[in-house]
Undergrad: 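So that we are looking at the same thing, I have put the structure below in structure tokens.
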There are 2 protein chains.
Amino acid sequence: MTNIALDAETIESPSLRREDGAGQTSLHGELLAALRDYIVEGNLADGARVPERLLCNRFGISRTPLREALKVLAAEGLIELLPNRGARVRALSADDLRELFDVMGGLEALAGRLACERISDEDIAEIEQIHHEMYRFYLRRDMHGYFQCNQDIHRMIVAAAGNATLSATYNSIAGRIRRVRYSANLDKERDRWGEAMREHEAILDALRRRAGSELSDIMFLHLRNKRKAAQHQSAAQTGDESSST
Amino acid sequence: MTNIALDAETIESPSLRREDGAGQTSLHGELLAALRDYIVEGNLADGARVPERLLCNRFGISRTPLREALKVLAAEGLIELLPNRGARVRALSADDLRELFDVMGGLEALAGRLACERISDEDIAEIEQIHHEMYRFYLRRDMHGYFQCNQDIHRMIVAAAGNATLSATYNSIAGRIRRVRYSANLDKERDRWGEAMREHEAILDALRRRAGSELSDIMFLHLRNKRKAAQHQSAAQTGDESSST
DNA sequence: CGGCGATGTTTTGCATTCATTTTTGTCTTT
DNA sequence: AAAGACAAAAATGAATGCAAAACATCGCCG
């Protein structure tokens with residue numbers, strides 16, 4: 001009776017692990033997360049239509065729960081629904097990226113401000129530790145490690161804000177941005193790298209002093225600079241590669 | 001063949017106007033908006049279960065599109081889905097309100113900052129006009145008119161930020177907050193009223209000077225004070241009414 | 001008399017079905 | 001040969017059907 005028998009052995013059920021141990025994971029929630037990852041990880045090209053039938057087989061479910069998940073993803077802004085023409089992966093225009101980065105900057109600015117109000121010395125110490133680790137990666141020119149630490153720090157600041165609504169909103173925006181590939185050649189932006197390190201120093205300094213308003217500014221500008229770097233690189237990719245001004 | 005004939009004349013189709021004129025309104029979108037309004041406007045009590053069958057009749061649709069809309073509203077945070085136990089209207093705890101107000105403050109702070117970067121003199125003049133109108137309402141102690149202008153100003157600043165993603169996020173958060181009833185006896189908070197007016201003066205001043213960072217601070221603190229007022233009042237309502245300290 | 005378990009009803013979640021719409025492929029016409 | 005028209009095929013959007021879970025009612029036993 002299952003729809004699994006449709007195309008014989010088409011089914012790999014790539015995700016959808018039904019771990020019922022701790023959290024009640026209500027197929028819908030699982031599927032939603034799986035499908036979101038599937039799209040965020042770039043398994044579908046920009047603007048491509050979302051193949052319902054295929055995904056149904058892929059995840060071993062019928063169209064109803066899949067379509068429910070699609071509506072949610074559309075509300076999140078990850079895909080768009082064209083009436084009678086199905087769902088498309090939403091391609092991010094340069095303007096969309098500008099918007100997303102700025103909103104992300106606003107949310108991080110808020111996170112910094114709130115974090116100053118309630119962060120403990122221990123949490124600051126923990127962030128400092130990651131920061132030093134990140135610095136070592138920076139000295140070693142280890143992009144991957146640096147990037148990891150960088151993300152951890154930002155995540156920790158958002159967490160330190162103690163605001164679940166903020167975290168959820170932040171994650172949603174971050175997920176949408178994550179779709180774009182900052183093809184790892186950030187090496188070209190060596191200057192930016194050093195600048196980013198200095199900004200992180202300033203972030204830590206403001207955090208230590210619990211200077212909320214100040215940290216808020218720094219966080220926003222930090223993201224603004226990140227945005228500029230991303231835009232610059234994006235332009236360099238789509239345009240000619242040689243003209244580095 | 002319509003399912004309208006279910007319970008004879010039960011159908012009033014309270015919303016769901018199918019205006020096909022300009023925008024393609026894809027039943028799903030219509031239903032989503034209608035259902036959101038239905039809940040935001042308080043037609044269902046806090047924590048009440050969302051009656052699928054009833055709403056299907058109410059809107060003249062089957063369970064499938066309704067359930068799709070419910071998933072989206074759950075993702076938005078307006079309702080919560082309990083596995084195998086349907087949807088409940090999400091009751092906002094004091095902590096939820098704190099979070100929502102702070103996020104709203106962060107978003108308005110961002111809106112102010114961005115608005116300073118790109119707002120035109122004409123738009124500022126327009127805001128000033130509303131501001132003066134609001135001031136007249138304030139002098140006349142006309143709560144309703146004041147409140148209307150107030151909201152208009154905040155909306156205009158968000159719009160002036162020129163960031164659709166920000167607007168969407170802002171509207172989502174604002175919608176969730178709107179569920180709580182600031183039962184119109186804000187009169188009790190006369191002091192706060194004057195304070196709010198002064199804050200709005202400062203907002204306009206910063207906006208005129210395009211002092212983004214400064215405006216950002218003011219906006220956040222403005223919302224923070226609003227939050228305090230709301231919390232204070234909420235406490236007064238749930239607790240004893242007489243102790244106005 | 002109160003707590004507990006069985007049984008029938010309702011509700012939920014998902015699969016399936018059905019009516020439209022869109023898309024594709026072919027054929028005709030100029 | 002290109003453009004348009006038509007028809008077949010597929011996909012979409014919504015309704016309905018069905019198994020399982022929750023809920024309620026009632027009888028049973030302590």
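The chains referred to below are lettered A, B, ... by the order of the sequence lines, with proteins before strands, and numbering in each begins at 1.
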Undergrad: May I ask you to verify if any side-chain N or O of B:Ser62 is less than 4.0 angstrom from the OP1 or OP2 atom of D:dA15?
TA: yes
Undergrad: Side chain of A:Asp152, backbone of A:Cys149: donor and acceptor closer than 3.5 Å?
TA: no
Undergrad: What contact category does B:Leu70 fall into here, base, sugar-phosphate, or nothing, at under 4.0 angstrom with non-hydrogen atoms?
TA: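 The residue B:Leu70 makes no contact with any strand.
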Undergrad: Write down the distance between CG (A:Leu66) and P (D:dA14), rounded to a whole number of angstrom.
TA: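 Atom-to-atom, A:Leu66 to D:dA14, this comes out as 15 Å.
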Undergrad: For the side chain of A:Thr169 and the backbone of A:Thr165, is there at least one donor-acceptor N/O pair under 3.5 Å apart?
TA: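 Yes, A:Thr169 side chain to A:Thr165 backbone: donor-acceptor pair under 3.5 Å.
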Undergrad: With a 4.5 Å heavy-atom cut-off, do A:Glu68 and A:His28 have their side chains touching?
TA: yes
Undergrad: Is the closest basic N to carboxylate O distance between B:Lys226 and B:Glu108 below 4.0 Å?
TA: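 Here B:Lys226 does not pair with B:Glu108 in a salt bridge, since their nearest N and O are not under 4.0 Å apart.
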Undergrad: Answer with base, sugar-phosphate or nothing: what part of the nucleic acid does A:Leu54 contact at a heavy-atom distance below 4.0 Å?
TA: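 Answer is nothing: A:Leu54 stays at 4.0 Å or more from every strand.
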Undergrad: In this structure, how many angstroms lie between the P atom of C:dT21 and the NE2 atom of B:His28, rounded?
TA: 20 Å
Undergrad: Between A:Arg53 and D:dA10, is there a side-chain N or O to OP1/OP2 distance below 4.0 Å?
TA: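 It does not, given that no N or O in the side chain of A:Arg53 lies less than 4.0 Å from OP1 or OP2 of D:dA10.
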Undergrad: Of A:Thr64 and A:Ala87, whose closest DNA chain D nucleotide lies nearer the 5' terminus?
TA: A:Ala87
Undergrad: Atom CD1 of B:Ile61 to atom C1' of D:dT16: distance rounded to whole Å?
TA: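 Those two atoms, CD1 and C1', are 14 Å apart.
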Undergrad: Rounded off to whole Å, could you give me the CD-to-P distance for the B:Glu68 and C:dC14 pair?
TA: 13 Å
Undergrad: Any N or O donor-acceptor pair linking the side chain of B:Arg85 to the base of C:dG13 at under 3.5 Å?
TA: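 Donor-acceptor pair under 3.5 Å: no.
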Undergrad: Between B:Arg63 (side chain only) and B:Cys56 (backbone N and O only), is there a donor and an acceptor less than 3.5 Å apart?
TA: no
Undergrad: Look at the side-chain N and O atoms of B:Arg49 and state whether any lies under 4.0 Å from the OP1 or OP2 oxygen of C:dT12.
TA: yes
Undergrad: Report the distance from atom CG of B:Leu32 to atom C1' of D:dG13, rounded to the nearest whole Å.
TA: 16 Å
Undergrad: Can you check the A:Arg63 CZ to C:dC18 P distance for me, whole Å?
TA: 14 Å
Undergrad: Can you check the A:Glu52 CD to D:dA14 P distance for me, whole Å?
TA: 11 Å
Undergrad: In whole Å, what is the span from the CG atom of A:Leu82 to the P atom of D:dA11?
TA: 17 Å
Undergrad: Does D:dG13 have OP1 or OP2 sitting under 4.0 Å from an N or O in the side chain of A:Arg67?
TA: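 The answer is yes; a side-chain N or O of A:Arg67 sits under 4.0 Å from OP1 or OP2.
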Undergrad: Can you work out whether A:Arg88 or A:Pro65 has the more 5'-proximal nearest nucleotide on DNA chain C?
TA: A:Pro65
Undergrad: Given D:dA14, C:dG13, D:dG13, identify the nucleotide with an atom nearest to the side chain of B:Asn84.
TA: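 Out of D:dA14, C:dG13, D:dG13, the nucleotide with an atom closest to B:Asn84's side chain is C:dG13.
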